[in-house]
Novice: 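My structure is below; once you've seen it, I'll send some questions.
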Protein chains: 2
Amino acid sequence: MNVRTLCLAILQHGDATGYEIKKMSVEGEYSYFVDASFGSIYPALARLEADGLVTVREETQPGKPARKIYSITDAGREALIGELTGQTDPDIFRSPFLLVAMNAELLPREHLVKAIDARLADLQREMELLGSIASSRSGGTEWIARYGMNCMTASHDFLTAYRDQLECLAVDADAQPGERAAG
Amino acid sequence: MNVRTLCLAILQHGDATGYEIKKMSVEGEYSYFVDASFGSIYPALARLEADGLVTVREETQPGKPARKIYSITDAGREALIGELTGQTDPDIFRSPFLLVAMNAELLPREHLVKAIDARLADLQREMELLGSIASSRSGGTEWIARYGMNCMTASHDFLTAYRDQLECLAVDADAQPGERAAG
DNA sequence: TAGGCCATGTAACCGGTTACATGATTAG
DNA sequence: CTAATCATGTAACCGGTTACATGGCCTA
């Protein structure tokens with residue numbers, strides 16, 4: 001899965017500019033597939049157009065740079081379907097937070113508490129986003145938002161219920177840092 | 001978070017060779033942080049040793065290449081703690097499966113069913129791994145395994161309960177492919 | 001008037017992967 | 001006899017990020 005496919009998927013759900021695609025893939029409802037920056041999106045759109053998978057129309061606006069609005073073509077839609085039915089890359093979950101948790105015995109309790117609070121806040125923000133998506137969309141988009149909500153809720157509940165167990169593994173504030181590491 | 005930190009974290013929990021580190025970070029209990037291949041692990045270990053964060057001892061075995069067993073040093077442990085208390089990279093979840101689900105309206109039902117079955121099987125395998133980790137480890141490692149189990153179970157239950165809703169969005173086998181895409 | 005948002009694009013860089021090189025042992 | 005497992009390491013490549021270049025409008 002790459003930025004090309006991401007662009008096609010977004011354009012399948014409606015025309016957009018490179019700038020909008022970036023926003024949607026970083027903060028919006030397309031932020032669960034690949035992360036992309038301007039440096040990868042703009043070249044990808046240019047190549048997509050050269051390959052005939054999307055078309056562009058330029059919209060000049062007074063006092064602002066021209067917006068380049070991209071639309072998917074039939075060939076693009078077929079390429080997207082091909083990508084979606086062909087690839088089998090597994091889902092991945094990568095968690096710096098869990099690495100902190102795994103090494104709780106090595107860290108000052110203070111920091112562990114902060115890390116948990118931060119993670120909880122992240123989850124809450126994410127759940128709000130997903131909630132607004134679920135209530136404003138339909139079909140597949142609504143479904144995946146509900147799926148996400150379900151997972152986030154489970155995470156949040158577990159963290160809230162069992163954070164104490166984790167916190168009591170941490171190094172005491174007044175103990176020598178790393179004291180329990182050797183044991 | 002990079003391969004260097006991953007190696008330190010693994011070595012903190014016990015000595016290991018590059019080969020073992022790779023296994024643990026691909027299939028084992030360290031597969032939730034960064035994915036690493038030989039091409040990144042071996043150079044990382046070499047640099048870690050040059051920096052004095054790990055030490056090596058070579059173990060020759062008859063008829064096999066010598067094993068290079070790495071151990072973390074005090075400096076390495078401190079570097080790991082620094083990494084763990086400093087960084088704040090958010091957790092990421094990237095799901096090719098959810099992109100398929102999001103575009104259910106575009107795909108033949110047959111393929112969607114396959115994708116769901118495959119995802120369910122992945123989850124089950126993952127849960128078995130986590131179960132064995134949870135029952136054989138303690139402390140932070142056990143805790144994160146239980147956390148993972150909780151999330152996977154929630155995913156699995158949702159998928160099982162609501163897969164029908166998703167499947168009925170897909171294109172009928174006998175309909176023209178892409179027929180509903182235009183609507 | 002400083003910073004954020006809109007809006008597009010390029011070039012250098014970099015952390016990783018893939019493929020290659022080597023080779024014995026063991027299980028099917 | 002074949003494939004997998006053990007075991008280490010290098011070099012080419014590549015998909016992405018970061019930083020840069022440009023510039024007007026709007027808000028605090």
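Below, read A as the first sequence line, B as the second, and so on, with proteins coming before strands; counting in each chain starts at 1.
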Novice: Taking the side chain as every heavy atom from C-beta outward, state whether Arg163(A) and Val113(A) have any atom pair closer than 4.5 Å.
Specialist: yes
Novice: Taking atom P of dC6(D) as reference, at what distance in whole Å does atom CD1 of Ile69(B) sit?
Specialist: 15 Å
Novice: Whole-Å distance between dG16(D) C1' and Phe38(A) CZ?
Specialist: 15 Å
Novice: Could you give the CD1-to-P distance, from Ile21(B) to dA7(D), as a whole number of Å?
Specialist: 13 Å
Novice: Look at all strands and tell whether Lys23(B) reaches a base, only sugar-phosphate, or nothing, counting heavy atoms closer than 4.0 Å.
Specialist: sugar-phosphate
Novice: Reading DNA chain D from 5' onward, which residue's closest nucleotide shows up sooner: Ala36(A) or Gly39(B)?
Specialist: Gly39(B)
Novice: Quick one: is dT8(C) close enough that its OP1 or OP2 comes under 4.0 Å of any side-chain N or O from Thr17(A)?
Specialist: yes
Novice: Just compare dA7(C), dT17(D), dT17(C) and give me whichever is closest to any side-chain atom of Tyr19(A).
Specialist: dA7(C)
Novice: Does a side-chain heavy-atom distance below 4.5 Å link Phe33(A) with Met1(A)?
Specialist: yes
Novice: Should Phe97(B) and Tyr32(A) count as side-chain neighbours, where that means a heavy-atom distance under 4.5 Å?
Specialist: no
Novice: Taking only the side-chain nitrogens and oxygens of Lys22(A), find out if one of them lies under 4.0 Å from OP1 or OP2 of dA7(C).
Specialist: no
Novice: To the nearest Å, how far apart are Leu48(A) CG and dT8(C) P?
Specialist: 15 Å
Novice: Can you tell me how far C1' of dT18(C) sits from CG of Asp35(B), to the nearest Å?
Specialist: 14 Å
Novice: Choose from dT17(D), dT8(D), dT8(C) the nucleotide whose nearest atom is closest to any side-chain atom of Ser40(A).
Specialist: dT17(D)
Novice: Could you walk me through whether Glu142(B) and Tyr147(B) pass the side chain to side chain donor-acceptor pair (under 3.5 Å) check?
Specialist: CA-CA 9 Å; Glu142(B) 186 194 351; Tyr147(B) 177 100; over 6 Å; no
Novice: Atom CZ of Arg47(B) to atom C1' of dT10(D): distance rounded to whole Å?
Specialist: 17 Å
Novice: Remember a base hit wins even if backbone is also touched, and classify Ala46(B) as base, sugar-phosphate or nothing at under 4.0 Å, heavy atoms.
Specialist: nothing
Novice: When you get a sec, tell me which of dT10(C), dC5(C), dG16(C) is the closest nucleotide to the side chain of Val3(B)?
Specialist: dG16(C)
Novice: Using whole Å, report how far CG of Asn2(B) lies from P of dT17(C).
Specialist: 12 Å
Novice: Measure the distance from OH on Tyr42(B) to C1' on dC20(C) and round it to the nearest whole Å.
Specialist: 15 Å
Novice: Any chance you could measure Leu98(B), atom CG, to Asn103(B), atom CG, to the nearest 0.5 Å?
Specialist: 11.0 Å
Novice: Could you check which of dA7(C), dT18(D), dT17(C) has an atom nearest any side-chain atom of Arg67(A)?
Specialist: dA7(C)
